Protein chains: 2
Amino acid sequence: MSTTSSHARRRPPTLRDVAEIAEVSIKTVSNVVNDYPHVRPSTRARVQDAIAATGYRPQLAAQQLRTGASGIVTLAVPSLTFSYFSHLAQTFIDEAQGRGRTVVLHTTSAGRDEEIEVLRGFRRRLGDGIIFNPMHVGEDYLAQMEHVDQPTVFIGEHLSDAHLPPGSDYVRIDNTRATADATAHLLEGGRTRLAFVGAMGRKDPAPHSSSGLRIEGFRQALWRHDQDPSRSPIVEVGDWHRADGREAVHRLLETHPDLDGLVCGNDEIALGALAGLRDHGRSVPEDVAVVGYDDSPEASFSHPALTTIRPDKEFLVRTALDMLIERINGYEGASRTITAPHRLVARESSPQP
Amino acid sequence: MSTTSSHARRRPPTLRDVAEIAEVSIKTVSNVVNDYPHVRPSTRARVQDAIAATGYRPQLAAQQLRTGASGIVTLAVPSLTFSYFSHLAQTFIDEAQGRGRTVVLHTTSAGRDEEIEVLRGFRRRLGDGIIFNPMHVGEDYLAQMEHVDQPTVFIGEHLSDAHLPPGSDYVRIDNTRATADATAHLLEGGRTRLAFVGAMGRKDPAPHSSSGLRIEGFRQALWRHDQDPSRSPIVEVGDWHRADGREAVHRLLETHPDLDGLVCGNDEIALGALAGLRDHGRSVPEDVAVVGYDDSPEASFSHPALTTIRPDKEFLVRTALDMLIERINGYEGASRTITAPHRLVARESSPQP
DNA sequence: TGGCTGATCTGCAACGTTGTACAGCGAGGA
DNA sequence: TCCTCGCTGTACAACGTTGCAGATCAGCCA
């Protein structure tokens, strides 16, 4: 409430300052701050007054040095410009703040090299653990690591649980299954000439990239519905943003004008695809049905509203944080993998039953 | 590269461990780590080998305790679910990481109480300074503060530079001017029956809220174009999300069916408004012209593409970080206010000249 | 040759906090 | 009455790091 400082910022108050005013030892002040029970009420009150008078707040750096824990967790994601990640980050921050933890947010927009630096633990030791959504680093790299540098939980899609480095856990989303669900939804709606938009062929050829897994799901669904997967085009994109989806559809329609269904790598591509289809005078869903992936907030507001796959982000975040905190608290056992659930959200862009 | 640890995570290596292996003093290792020049090349090499062998990395907490600086800056914004803030956050993280700083991201989704806690400096001392975009706390609260708790730069729109607490700076966006520009754009395109969508009457009645400032700009532009501002409706919304814009337009069209131009509080409202207009069979821009605010990435992909105001986020972020770092480095002078530029991005949703 | 300069390296103390050990005290039981 | 025990408070050391004040030594100039 009140502040003694008059003008310029001064040296912040410490336990010593409070102790002098309250005429107790430093340790007693510490005991009050930490709610140690055996403090006489009158002493406690005196100390609390002194704390209020000075505006004392504990310095995290000293606590961390002494106790070894900071309450800080790092979240590393590729980029907040993807709404999937900005919503994931918000969900994460809410959950972490609710558990009394502070979040350092690191983005690895620079790509693979930056992801590797994250895995190596940056240049300085900071925080208690990390939740990391890799995009470029794959299981080949992870398999070769002897041990992670700090408690680590991977989140995402394209890792294989067999190759997690010791000391880390993994919460995954079953991309293949989810994309198969989306594809089946179109097939069951009567579409027969499908395409997949969102291959990352050149830059990211690994079969376990998220694009690879989604393509796999697309093919599996076709196969199960007695279609020949090799007759359905897989369209490459430069990146997974709207502009890429739009441009890809332009190319696709030149070679496959009779297309009637589009499975997209994510919602942004799908939204771009809607624009691209409109450019060519195709109406959705009458001429072409479209499904996306992520259920980003734009999906329900596009015209037509986008059918999409909704991964359970809250589950993902809660579970990842649970596992990370177990690691921080000393769990040293084997790596664990948990699959987060998803569901299909049917909207206007696909035929309704 | 190599790691001596075999299985479980052990006590992390310290300067002492490295010093023992390299057979030098702790201080010499510190000197090597910090690139102190007067170290014999042979000694330096020996120490660097030992660092590589142990995987040593300095512990930030100890550095901060000793030197008083952590290189951590906090960014506090209302919520990453608004794409304006998620893009701002990404821009900020890129800039901060580029300058070798680590970002703690705090979101104040809980509203005013949480913003006040941010201003009071949280419960623990952490990081070197903060960049804070308040949404609910206004100049009334700030004016009453004797001094900010840590180096602080406010960003945003609805503060008045006259009431900044000592020790803080401010980078603002001229909302009133920008909204006037947007409004003038419609008027100059020949529209005469405008409305503003995005008043936050109940929850946030202050004339200096961002909604208040934008309304002010709307009115100023009408006035300058010889229109009577009192005849143009100002529509209230519950929040600034898409759903609110859509719902507001539904209400508005019942009372003002002859409307031909819409100035919206932000892009999300505008995108919702596009949906709302479509719901009522109005075409954009033929029947009704629409402008938004923020130039969020969706704006260029909506149908029709949205005319909007683009604030210069890079400028905003760079300037805020510059000022914060000056404060951290000891600047104790008067509060400064800088206005970030903006420009109108004309797209399909408004009549083209 | 003596002293001076600069390069190289070291030891000490301190940053603010908390765990451990212990001292003093009054109350209650033997 | 004496002893024990629980409550209350204190002193000390240590977490890992770096600024400071030196110590040592080689080279060099006068």
Side-chain angles (χ1 to χ4, degrees), chain A residues 10-48 50-51 54-72 121-128 149-150, chain B residues 10-48 50-51 54-72 121-128 149-150:
Chain A
R10 1 178 130 270
R11 182 183 58 78
T14 70
L15 286 180
R16 177 196 298 286
D17 301 321
V18 177
E20 255 169 47
I21 295 183
E23 296 181 297
V24 293
S25 77
I26 291 180
K27 190 64 221 293
T28 298
V29 180
S30 170
N31 286 339
V32 169
V33 170
N34 294 311
D35 284 326
Y36 178 74
H38 300 306
V39 178
R40 199 179 325 179
S42 62
T43 311
R44 183 182 300 274
R46 205 148 32 92
V47 170
Q48 277 164 342
I51 289 176
T54 53
Y56 168 80
R57 281 173 303 114
Q59 176 163 328
L60 178 60
Q63 291 180 314
Q64 179 176 4
L65 183 59
R66 186 58 176 81
T67 65
S70 66
I72 292 176
F122 308 97
R123 276 175 289 269
R124 298 180 300 181
R125 228 167 263 282
L126 152 71
D128 302 334
D149 174 86
Q150 59 182 328
Chain B
R10 5 178 126 267
R11 181 182 60 78
T14 70
L15 286 179
R16 177 197 297 289
D17 300 322
V18 177
E20 254 168 46
I21 295 182
E23 297 180 300
V24 292
S25 77
I26 291 180
K27 190 66 222 292
T28 298
V29 180
S30 170
N31 286 338
V32 169
V33 171
N34 295 308
D35 284 326
Y36 178 75
H38 300 305
V39 177
R40 201 180 323 182
S42 63
T43 310
R44 183 181 301 275
R46 204 147 34 88
V47 170
Q48 277 163 341
I51 289 176
T54 54
Y56 168 80
R57 280 173 304 113
Q59 176 164 330
L60 178 60
Q63 290 180 315
Q64 179 177 3
L65 184 59
R66 186 60 176 80
T67 65
S70 65
I72 293 177
F122 307 97
R123 276 176 289 269
R124 297 180 300 182
R125 229 167 261 284
L126 153 72
D128 301 335
D149 175 87
Q150 59 181 326

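Nothing here was measured: the structure is a model prediction, and the numbers come from that model.
The nearest whole Å value for the distance from the CZ atom in B:Arg125 to the C1' atom in C:dT17 is 14 Å. Look at CZ on A:Arg44: it is 11 Å from C1' on D:dT8, rounded to the nearest Å. Taking atom CG of A:Leu60 as the reference point, atom P of C:dT17 lies 11 Å away to the nearest angstrom. Put simply, CZ on B:Arg124 is 14 Å from C1' on C:dG16, counting in whole angstrom units. Rounded to whole angstrom, the span from the NE2 atom of A:His38 across to the P atom of C:dA27 amounts to 18 Å. Between B:Glu20 atom CD and D:dG16 atom P there is a gap of 13 Å when expressed in whole angstrom units. In this structure, the CG atom of A:Leu65 is 17 Å from the P atom of D:dA13, given to the nearest Å. In this entry the distance linking CD of A:Gln64 with C1' of D:dA14 reads 16 Å, nearest Å.
For A:Arg40 and D:dG9, the shortest distance from a side-chain N or O to OP1 or OP2 is below 4.0 Å. In this model, the phosphate group of D:dG9 is approached by a side-chain N or O of A:Thr43 to a distance below 4.0 Å at OP1 or OP2. OP1 or OP2 of C:dT10 has at least one side-chain nitrogen or oxygen of B:Thr28 nearer than 4.0 Å.
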Query raised in the report: Along nucleotides 17-26 of chain D, 5' to 3', which nucleotides get a B, which get an S, and which get a -, given that the test is a protein heavy-atom distance under 4.0 Å?
Result: BBBB------

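At distances below 3.5 Å, at least one donor-acceptor pair connects side-chain atoms of A:Asp128 with backbone N or O atoms of A:Ser70.
Under the 4.5 Å side-chain criterion, counting only non-hydrogen atoms from C-beta, A:Leu60 is in contact with A:Ile72. Proximity of B:Val32 to B:Gln48: side-chain heavy atoms (C-beta onward) are separated by under 4.5 Å at one or more points. Here the side chains of B:Gln150 and B:Arg125 are not in contact, with every heavy-atom distance at 4.5 Å or above. Looking at heavy atoms from C-beta onward, A:Gln64 lies out of side-chain contact with B:Gln64 at the 4.5 angstrom threshold. Here the side chains of A:Val24 and A:Arg44 are not in contact, with every heavy-atom distance at 4.5 Å or above.
Rounded to the nearest 0.5 Å, atoms CG (B:Leu126) and CZ (A:Arg57) are 9.5 Å apart.
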